[in-house]
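Working notes for the structure below.
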Amino acid sequence: MTSSEQPEALPEGALGNYVDGEWHTPRGADGRTVRNPANGAELASLPYASQSDVDAAVTAANAAFEEWRGYAVEERIQPLFRLKSLLEEQQAELAELLVRDMGKTREEAVGELRRGIQNVEVACGIPSLMQAGMVEKAAPGIDETAIRQPLGTVAAITPFNFPGMIPLWFLPYAVATGNAFILKPSEQDPLVPQRLFELVDEAGFPDGVVQLVNGGPDTVNALLDHPGVEGISFVGSSPVARDVYETAAAAGKRVQAQGGAKNHVVVADSADLDHAAEQTVSSACACAGERCLANDIALVHEDVYEEFVDRVLDVADDQVVGNGLHEPTDIGALISPEHEQRVRNYIQSGIEEGATLLRDGRDPTPDGDGNFLGPTVLGDVTADMVVAREELFGPVLGLAAVPSLEAAIGRVNESEFANAASLFTKRGADARRFRAEAAPGNLGVNVGTVAPMPFFHFGGNKDSFFGDLHAQGEDAVQFYTDKTIYVERWPDATD
Ligand code: NAD
């Protein structure tokens with residue numbers, strides 16, 4: 001690299017890349033203005049990484065990996081313990097930043113960060129989780145051991161909707177297992193990832209083990225076929241997830257790509273309707289509907305449909321829309337004006353295709369000039385409507401009457417997505433059937449939003465996931481390691 005190619009140190013307060021233990025100004029031609037979704041105020045300017053910035057991050061990561069893999073596993077988890085403490089100390093400040101940058105409510109932001117921290121906690125158990133097994137005397141005079149070893153440099157590309165949590169689905173497991181790690185967070189809300197990396201810096205990882213590169217699709221593409229990257233973790237929309245999976249796999253990399261969703265609630269005639277209505281509205285509208293686990297279609301047994309609709313509308317009418325920093329707020333702002341328009345288009349398409357507009361959230365009256373939509377409820381949603389098939393990612397709930405559990409499961413399984421589904425019932429036999437027959441990868445009974453704890457894997461099926469090993473828990477340990485078998489015979493052994 002000539003001196004003119006050296007990245008510049010980052011000015012105080014600017015957004016940048018964290019490479020080889022230092023902050024740098026990204027040198028790409030593109031960039032974007034980051035705005036507060038609740039009022040449009042400019043928060044920061046984000047310059048994107050250039051190809052040479054990505055190359056520099058990969059080179060630094062590859063060099064760091066050679067040393068880091070040699071650290072004792074017990075040493076590798078010490079910076080993670082420090083990171084956990086720092087995240088907890090900074091949780092309130094991080095939550096406020098998250099609200100300003102992403103638009104959700106303070107309570108949702110605190111909950112998101114807690115989920116992220118739990119992943120750090122699980123990864124601190126890697127000395128136990130990495131054990132792969134040993135059989136003494138597997139054959140006469142022979143002992144066999146399975147060993148887990150890190151891959152090298154791995155990268156994660158993450159979406160806008162959980163900028164504090166989703167990077168932590170990957171970073172702690174990747175480095176605890178001995179890999180070097182590069183994060184490319186969403187360009188839409190980069191402030192929390194930047195603050196996260198300031199804490200990573202304080203936590204004391206050796207230079208180059210953990211890196212941050214900012215950017216958009218070009219930065220992603222620079223990572224996908226980079227010869228210095230061994231594994232790719234992706235979370236985002238399904239078309240991009242599919243493309244990332246195919247491109248990175250064709251380049252010989254290990255890939256896990258979590259995609260979009262279309263999730264259903266099934267309400268049986270035996271269900272506690274108050275509980276089901278409250279959980280259903282919360283699932284559809286929390287985080288302004290911008291969750292891959294949001295259940296945005298409720299399939300309700302026809303005998304209780306009218307009663308359930310009334311209760312849903314009562315809960316929906318209680319939702320307060322506004323700036324997530326103000327109390328009380330239930331539904332914060334959507335990420336961007338473009339995304340708000342996209343959700344409005346979905347509502348319009350539902351009406352034009354014949355759904356009944358039971359509550360219209362298109363004219364909310366929040367404080368401030370942000371990207372707001374109130375809870376919108378559409379009734380009589382049929383399976384062929386666009387709103388029944390596509391991910392809405394806004395505070396919109398569709399309702400439909402179904403004659404039986406069998407019919408409801410049939411509709412759930414017709415979807416090209418299979419991320420999550422919930423059943424509300426008082427009958428164990430319904431629950432058993434639902435568990436056995438429903439296709440989604442995350443199933444809940446009498447639970448509105450099926451978010452697995454970090455010691456379990458997290459990911460869907462069908463077009464909601466491309467790959468084999470999901471995020472979190474034991475799957476993450478397997479994803480980030482290769483297995484080696486070690487067979488020993490000692491001819492002078494006496495047994
Ligand atoms: P997105 O697909 O637009 O972006 C995700 C990431 O991919 C970002 O880092 C972005 O920079 C990058 N990207 C975008 N377009 C690209 C392209 N053409 N080529 C290469 N990279 C590209 O997703 P989003 O809008 O940020 O997030 C919302 C989506 O993520 C929803 O579909 C949601 O369901 C999904 N999601 C899924 C899960 C899950 O666990 N399955 C979790 C959270 C979010």
Side-chain angles (χ1 to χ4, degrees), residues 28 30-32 34 37 46 48-49 54 101-104 112 115-116 119 155-170 182-190 193 212-225 232-248 255-263 287-296 334-336 338-340 342-343 346 390-394 415-420 440-442 449-452 454 456-467 469-472 475-476:
D30 299 331
R32 68 182 283 146
V34 182
L46 179 72
Y48 291 178
V54 173
D101 201 14
M102 190 274 166
K104 62 181 58 172
E112 166 177 350
R115 283 278 170 160
N119 277 281
I157 297 140
T158 53
F160 80 82
N161 63 334
F162 286 96
M165 175 184 73
I166 294 183
L168 294 174
W169 283 356
F170 305 109
I182 300 173
L183 175 70
K184 202 304 283 175
S186 171
E187 63 276 38
Q188 297 198 70
D189 47 9
L212 171 71
V213 291
N214 279 298
D218 289 347
T219 317
V220 174
N221 292 330
L223 288 164
L224 292 187
D225 56 8
I232 297 282
S233 302
F234 174 88
V235 183
S237 56
S238 284
V240 184
R242 185 193 294 276
D243 192 49
V244 163
Y245 180 76
E246 290 175 355
T247 307
V255 203
Q256 50 180 191
Q258 305 199 183
K262 184 72 192 175
N263 306 316
C287 299
E290 294 169 326
R291 292 193 296 180
C292 70
L293 291 177
N295 284 307
D296 62 13
L334 292 151
I335 186 68
S336 64
E338 296 76 22
H339 183 58
E340 180 196 328
R342 192 179 141 94
V343 181
Y346 275 128
E390 296 189 11
E391 182 175 41
L392 309 180
F393 236 50
S415 174
E416 67 197 59
F417 300 102
N419 209 38
N442 300 283
T449 305
V450 195
F456 284 104
H457 70 267
F458 181 23
N461 297 325
K462 294 165 82 175
D463 279 4
S464 294
F465 180 71
F466 303 91
L469 295 163
H470 294 87
Q472 295 194 160
D475 269 28

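Read the numbers this way: they start at 1 and go in the same order the structure lists the ligands and their atoms. Small disclaimer: the values here were computed from a predicted structure and weren't measured. Along the sequence shown, residues are numbered consecutively beginning with 1. Values reported hereafter were calculated over all heavy atoms of this structure, with side chains retained and with hydrogens, waters and symmetry mates removed.
Looking only at side-chain heavy atoms (C-beta outward), Q256 and V235 stay at 4.5 Å or farther from each other. Side-chain contact between P190 and D101 is present, with heavy atoms from C-beta onward closer than 4.5 Å. Contact annotation: the side chain of E112 approaches that of P163 to within less than 4.5 Å [non-hydrogen atoms, C-beta and beyond]. Between D189 and V34 the shortest side-chain heavy-atom distance does not fall below 4.5 Å. By the 4.5 Å heavy-atom criterion applied to side chains, F162 and M102 are not counted as neighbours. For the pair L223 and V220, the minimum side-chain heavy-atom distance is 4.5 Å or more. Proximity of N214 to P185: side-chain heavy atoms (C-beta onward) are separated by under 4.5 Å at one or more points.
Polar contact with ligand 1: present for G259 (N/O pair, distance under 3.5 Å). Considering backbone and side-chain N/O atoms, S238 never comes within less than 3.5 Å of an N/O atom of ligand 1. Ligand 1 has no nitrogen or oxygen under 3.5 angstrom from a nitrogen or oxygen of P159. Here's the thing with K184: one of its N/O atoms is less than 3.5 angstrom from an N/O atom of ligand 1. Looking at ligand 1, you won't find any N or O of W169 less than 3.5 Å from one of its N or O atoms. No N or O atom of N161 sits closer than 3.5 Å to an N or O atom of ligand 1. Close N/O approach between Q188 and ligand 1 is not found [any backbone or side-chain N/O within under 3.5 Å]. When only interatomic distances are considered, the shortest N/O to N/O separation between F160 and ligand 1 falls below 3.5 Å.
Counting only heavy atoms of the protein, atom 12 (C) of ligand 1 lies nearest to V220 CG2, 4.0 Å. Ranking protein heavy atoms by distance to atom 22 (C) of ligand 1, first place goes to V240 CG1, 3.5 Å. The nearest heavy-atom contact from the protein to atom 35 (C) of ligand 1 is G236 O, 3.1 Å. Among protein heavy atoms, atom 8 (C) of ligand 1 sits closest to T158 O, 3.3 Å. Among all non-hydrogen protein atoms, the one lying nearest atom 36 (N) of ligand 1 is C292 CB, 3.7 Å. Counting only heavy atoms of the protein, atom 23 (O) of ligand 1 lies nearest to S237 N, 3.5 Å.
The closest approach between a heavy atom of S186 and any atom of ligand 1 is below 4.0 Å.
The nearest protein heavy atom to atom 40 (O) of ligand 1 is closer than 4.0 Å.
Heavy-atom proximity to atom 33 (C) of ligand 1, evaluated over F393, F465, F162, Y48, is greatest for F393. Taking only non-hydrogen atoms, the option from Q472, E187, H470 nearest to atom 11 (O) of ligand 1 is E187. Here atom 17 (C) of ligand 1 lies nearest to P217 when heavy atoms of A451, G459, P217, A420 are compared.
The shortest heavy-atom contact between N442 and P452 is OD1-CG, 3.7 Å. Between H470 and G459 the shortest heavy-atom distance is CD2-CA, 3.1 Å. In terms of heavy-atom proximity, A471 sits nearest to W169 at CB-CE3, 4.1 Å. L334 and G394 make their closest contact through CD2-CA, 4.1 Å (heavy atoms, listed as atom of the first residue, atom of the second, distance). Closest approach of C292 to F458, counting heavy atoms only: SG-CZ, 4.0 Å.
Near V235, with a cut-off below 4.0 Å to any heavy atom, the atoms of ligand 1 are 5 (C), 36 (N), 37 (C), 38 (C), 39 (C), 42 (C), 43 (C), 44 (C). Heavy-atom contacts of I157 reach the following atoms of ligand 1: 6 (C), 7 (O), 9 (O) (cutoff under 4.0 Å). Close approach of ligand 1 to I166 (heavy-atom distance below 4.0 Å) involves ligand atoms 42 (C), 43 (C). Taking every heavy atom of F234 and a limit of under 4.0 angstrom, the matching atoms of ligand 1 come to 5 (C), 6 (C), 7 (O).
Panel note: side chain S238, backbone D463; a donor-acceptor pair is recorded below 3.5 Å. The backbone N or O of F393 lies less than 3.5 Å from a partner atom in the side chain of H339, making a donor-acceptor pair.
Contact annotation: for E391 versus ligand 1, heavy atoms closer than 4.0 Å belong to the side chain alone.
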